[in-house]
Amino acid sequence: MTDNPDEHRGTRVQPEARGEPRQWDQRPQHPSTNPPPFTPQPTPPATSMALTPPTECPACGKPAGEELSCQFCNQVLFLPQGITLSTAGLRFGGYLLEFVLMICTLVIGWVIWALIVFQYGQTPAKQLLHMRVVCIPQARTAGWLRMFFREVIAKTLIGFLASFTLLIPYFWLLWDKNRQELWDKMATTLVVSDPRDLLRPQPQPQLSDSHAGTPQR
């Protein structure tokens, strides 16, 4: 019978020394590799497009109130300094001038002229008198589509209403604090005086054909 040499030495070889796998009392804990659960961030509330006029007029320094224009100097509070509401006399003078231009151009000339200058927020008479239509929600010159709606659709509806109300809607600007006609309220517009053409839309820059056709290296 062969004696075990380990017993003669009074020692016992550990399982690791014999190359045997070590028996763990408990399974080792490994850090989790799963990503943490996704927590959606709260969506910030949408910014309102409503204009908030300043408390003080930048032109005259007097209290601005809650209107879109200063009631003392007619400065439009959300536009550059020097852009004022057109006066009632200028507005009515514009109506008369439109009528004269229609007669002089046999109407068709006025229509073509108007379709061209709608993109600048103007009609033929407004262009001659340096007036411009402004879109209130966007705080800039009214575009072609808004002008078409204002001049053709809204004015036609208000004209139909005025025929049954002794033409009173045509004088709405006389008691409106922002000098808006009813078609201005329908189109959310103001009519301003812009003698220096500060609000004239600028053409978008375009690349020349030589640059557009050159491949990038």
Side-chain angles (χ1 to χ4, degrees), residues 46-53 64-71 74-79 83-195 197-201:
T47 304
S48 174
M49 295 185 65
L51 299 173
T52 304
E66 298 180 356
E67 302 300 332
L68 299 175
S69 61
C70 177
Q71 302 301 302
N74 295 325
Q75 167 69 39
V76 180
L77 300 176
F78 58 89
L79 293 177
I83 304 297
T84 60
L85 286 179
S86 298
T87 63
L90 193 60
R91 295 285 298 276
F92 287 119
Y95 299 156
L96 179 60
L97 182 58
E98 299 280 17
F99 180 73
V100 172
L101 291 175
M102 285 183 182
I103 295 177
C104 294
T105 60
L106 303 178
V107 179
I108 185 62
W110 183 93
V111 171
I112 296 174
W113 188 354
L115 294 178
I116 294 174
V117 298
F118 274 178
Q119 61 184 318
Y120 306 122
Q122 293 176 316
T123 61
K126 285 181 173 60
Q127 187 178 42
L128 295 178
L129 297 175
H130 299 286
M131 294 192 292
R132 202 178 297 275
V133 179
V134 175
C135 175
I136 297 173
Q138 298 176 356
R140 63 180 179 86
T141 300
W144 195 95
L145 290 177
R146 190 177 296 268
M147 285 295 297
F148 183 85
F149 172 80
R150 179 184 185 273
E151 297 296 325
V152 179
I153 301 176
K155 283 190 175 181
T156 300
L157 294 176
I158 299 303
F160 180 76
L161 175 64
S163 63
F164 296 97
T165 54
L166 302 177
L167 305 181
I168 292 177
Y170 285 117
F171 300 94
W172 195 274
L173 65 87
L174 293 177
W175 53 80
D176 188 273
K177 291 184 177 181
N178 291 311
R179 297 193 189 125
Q180 287 180 292
E181 294 279 21
L182 289 181
W183 49 81
D184 285 313
K185 294 185 179 297
M186 293 176 63
T188 61
T189 56
L190 287 178
V191 179
V192 301
S193 294
D194 184 17
D197 285 339
L198 297 177
L199 300 180
R200 181 182 176 87

Is it the case that the side chains of [Y] and [X] hold a donor-acceptor pair, with the cut-off being a distance below 3.5 Å and no angle test?
X: Glu98; Y: Thr123; value: yes
X: Thr188; Y: Arg146; value: yes
X: Ser193; Y: Thr84; value: no
X: Trp113; Y: Gln127; value: yes

Can you give me the closest heavy-atom contact between [X] and [Y], atom names plus distance?
X: Tyr170; Y: Phe92; result: O-CE2, 3.9 Å
X: Val117; Y: Pro124; result: CG2-N, 4.1 Å
X: Arg132; Y: Asp194; result: NE-OD2, 3.1 Å
X: Asn178; Y: Leu68; result: OD1-N, 3.4 Å
X: Glu67; Y: Leu77; result: O-CD1, 3.6 Å
X: Val134; Y: Arg140; result: CG1-O, 3.3 Å

Keeping the roles fixed (side chain from [X], backbone from [Y]), state whether a donor-acceptor pair exists under 3.5 Å.
X: Gln122; Y: Met131; result: yes
X: Gln119; Y: Ile116; result: yes
X: Ser69; Y: Gln75; result: no
X: Gln71; Y: Gly65; result: no
X: Arg179; Y: Val192; result: no

What distance separates [X] [atom1] from [Y] [atom2], expressed to the nearest 0.5 Å?
X: Phe118; Y: Lys126; atom1: CZ; atom2: NZ; result: 9.5 Å
X: Leu128; Y: Leu97; atom1: CG; atom2: CG; result: 5.5 Å
X: Met186; Y: Glu181; atom1: CE; atom2: CD; result: 12.5 Å
X: Leu199; Y: Leu79; atom1: CG; atom2: CG; result: 5.5 Å
X: Arg150; Y: Leu145; atom1: CZ; atom2: CG; result: 15.0 Å

Using side-chain heavy atoms (C-beta onward) and a distance below 4.5 Å, is [X] in contact with [Y]?
X: Glu151; Y: Thr156; answer: no
X: Thr141; Y: Cys135; answer: no
X: Gln180; Y: Thr189; answer: no
X: Val76; Y: Leu190; answer: yes
X: Leu166; Y: Phe171; answer: no

- Under the ring pair (Phe, Tyr, Trp, His ring centres under 6.0 Å) test, residues paired with Trp110 that sit two or more places apart: none

- Phe148: ring pair (Phe, Tyr, Trp, His ring centres under 6.0 Å) partners, not counting sequence neighbours: Trp144

- Should we say atom CZ of Phe160 is surrounded by more than 12 heavy atoms from elsewhere, each under 6.0 Å from it? no

- Query: Counting only heavy atoms not in Phe99, do more than 12 fall under 6.0 Å of its CZ?
  - Reply: no

- Message: Just to verify, which of Leu182, Ile153, Thr165, Asp184 counts as forming a side-chain contact (heavy atoms from CB on, under 4.5 Å) with Ile158?
- Response: Leu182

- Message: Taking the six-membered ring of Tyr120 as reference, does the cationic atom of Arg200 (NZ for Lys, CZ for Arg) lie under 6.0 Å from its centre and within 45° of its axis?
- Response: yes

- Item | Salt bridge present between Asp176 and Lys185 (N-O < 4.0 angstrom) | yes

